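Note sheet for the following structure.
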Amino acid sequence: MDFFELTTDPLDVGEVARRVVPQECGATVTLDGYVRQFTKGRETLHLIYEAYEPMAVKEMQKIIEQAKSQFEIEHVGIMHRLGKLEIGETSVVISVAAPHRKAAFEACEWLIRKLKRTVPIWKKEVYANGEEWIEGDTSPPSLPISGS
Amino acid sequence: MDFFELTTDPLDVGEVARRVVPQECGATVTLDGYVRQFTKGRETLHLIYEAYEPMAVKEMQKIIEQAKSQFEIEHVGIMHRLGKLEIGETSVVISVAAPHRKAAFEACEWLIRKLKRTVPIWKKEVYANGEEWIEGDTSPPSLPISGS
Amino acid sequence: MKVRVLFFGATADLVGNRELTLTCADTGTADDILHLILKDFPQLQDQKLLLSINQEYAYGFESVREGDEMAIFTAVSGG
Amino acid sequence: MKVRVLFFGATADLVGNRELTLTCADTGTADDILHLILKDFPQLQDQKLLLSINQEYAYGFESVREGDEMAIFTAVSGG
């Protein structure tokens with residue numbers, strides 16, 4: 001069973017990994033992203049994640065559908081945490097179950113890259129002396145850039 | 001902190017993933033292998049895993065050292081379950097923490113492939129009408145094959 | 001027509017609001033709405049902005065209709 | 001000299017034992033030990049066998065010494 005959820009509760013990596021397991025599959029690959037204490041030498045106190053929730057859910061569903069059409073995988077589970085996260089807490093978990101582990105590795109890596117580029121979630125880093133909304137490195141290639 | 005353990009207790013994927021996390025890293029990739037109900041159409045009732053324990057621990061340590069010299073990764077955790085496993089139970093968990101997720105994906109995939117070829121653990125599949133020790137697909141390339 | 005415009009993260013902070021309702025000409029594109037917003041909130045001009053209409057990524061030339069939900073935000077940074 | 005020989009999985013089942021202690025000539029290789037074992041347990045001959053000496057994979061030409069721990073097993077299948 002696929003799932004894609006946003007939650008303000010702490011994430012349980014093992015629970016996500018177990019939920020995607022069908023009895024026909026042999027392996028699950030799980031990506032677990034978490035709050036770093038240091039980014040480029042600067043200390044983060046905590047993070048705030050905010051989402052455009054209904055659109056984020058739609059975009060998560062889209063990337064799962066794309067992954068399932070591109071890779072030989074069975075089930076995908078994505079959970080992204082929102083709100084305030086302390087250092088070391090898990091922000092995102094992506095689990096992919098597949099009959100063969102190679103496809104699971106490839107799909108999981110593809111999904112996290114895609115999620116970071118397309119799912120409307122934003123991260124604010126809070127430092128000792130300020131805070132900053134982080135802008136994604138790259139824009140999704142098919143997206144318009146507007147503005148002045 | 002790296003670790004490599006054999007246990008007859010049930011494995012907790014999330015616990016393994018969390019134990020390898022250093023504060024400087026941003027991502028952990030976890031491979032979770034488990035007991036399939038069907039292999040090539042044949043139904044498995046349960047599995048028995050047996051290890052040459054002291055050698056298995058040494059070989060796990062070796063592949064971790066090799067992975068750390070080949071990939072830009074921080075920590076590796078490997079746990080392999082032994083004894084009787086029911087359908088759906090986790091047999092092996094490998095977690096790799098790295099500053100950049102690409103290296104974590106590559107190292108985790110390399111480690112499971114290497115573990116399956118070199119760590120002295122054997123699996124017996126028990127069917128409704130018999131049982132069979134499974135022989136590994138390939139022998140480690142540097143290993144001698146003896147016998148008649 | 002009336003159009004709801006949502007802001008998130010950096011754009012919500014710059015606008016000082018998470019949602020506005022705009023009244024504008026009945027035939028308009030996302031860019032038309034964006035330019036109305038930029039007139040009131042010039043502080044958005046330094047941002048690379050992405051647009052969505054009804055929770056789908058949209059180009060500036062796409063039409064916006066009465067009751068649509070538009071959103072204006074910077075490149076996403078989840079994960 | 002005396003050498004401990006361990007069996008696991010398929011080889012333990014075929015030999016009907018998990019461990020034997022062999023007494024043999026003082027200068028011998030892993031292959032020498034293996035051939036003594038195969039004489040007593042010809043049922044092992046159909047297997048592709050791997051060898052270890054003191055918990056390290058070993059070639060058949062490697063020497064075995066008094067007190068060494070040798071193991072004979074089929075290709076591993078963990079994971």
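If you're wondering where the values come from, they're calculated on a predicted model, not measured in any experiment. The chains referred to below are lettered A, B, ... by the order of the sequence lines, with proteins before strands, and numbering in each begins at 1.
For the atom pair CD (B:E109) and SG (A:C108), the distance works out to 11.0 Å, reported to the nearest 0.5 Å. With values rounded to the nearest 0.5 angstrom, B:R113 atom CZ is found 8.0 Å from A:K102 atom NZ.
Considering only heavy-atom pairs separated by less than 4.5 Å from chain A, the leading option among B:A17, B:G26, B:G33 is B:G26. Your options are A:I94, A:V16, A:V29, and the one with the most heavy-atom pairs under 4.5 Å with chain B is A:V29.
Of the atoms belonging to B:R18, it is side-chain heavy atoms, and not backbone ones, that fall under 4.5 Å from chain A. Heavy atoms of A:E89 lying under 4.5 Å from chain B belong exclusively to its backbone. If you measure heavy-atom distances from A:T90 to chain B, the contacts under 4.5 Å come from both the backbone and the side chain.
Across all non-hydrogen atoms, the minimal contact from B:Y34 to A:A97 is OH-CB, 3.9 Å.
With A:D32 as the fixed residue, the side-chain contact (heavy atoms from CB on, under 4.5 Å) test singles out one of B:V20, B:T28, B:V13: B:T28.
A 6.0 Å sphere centred on CD of A:E72 holds no more than 12 heavy atoms belonging to other residues, nucleotides or ligands.
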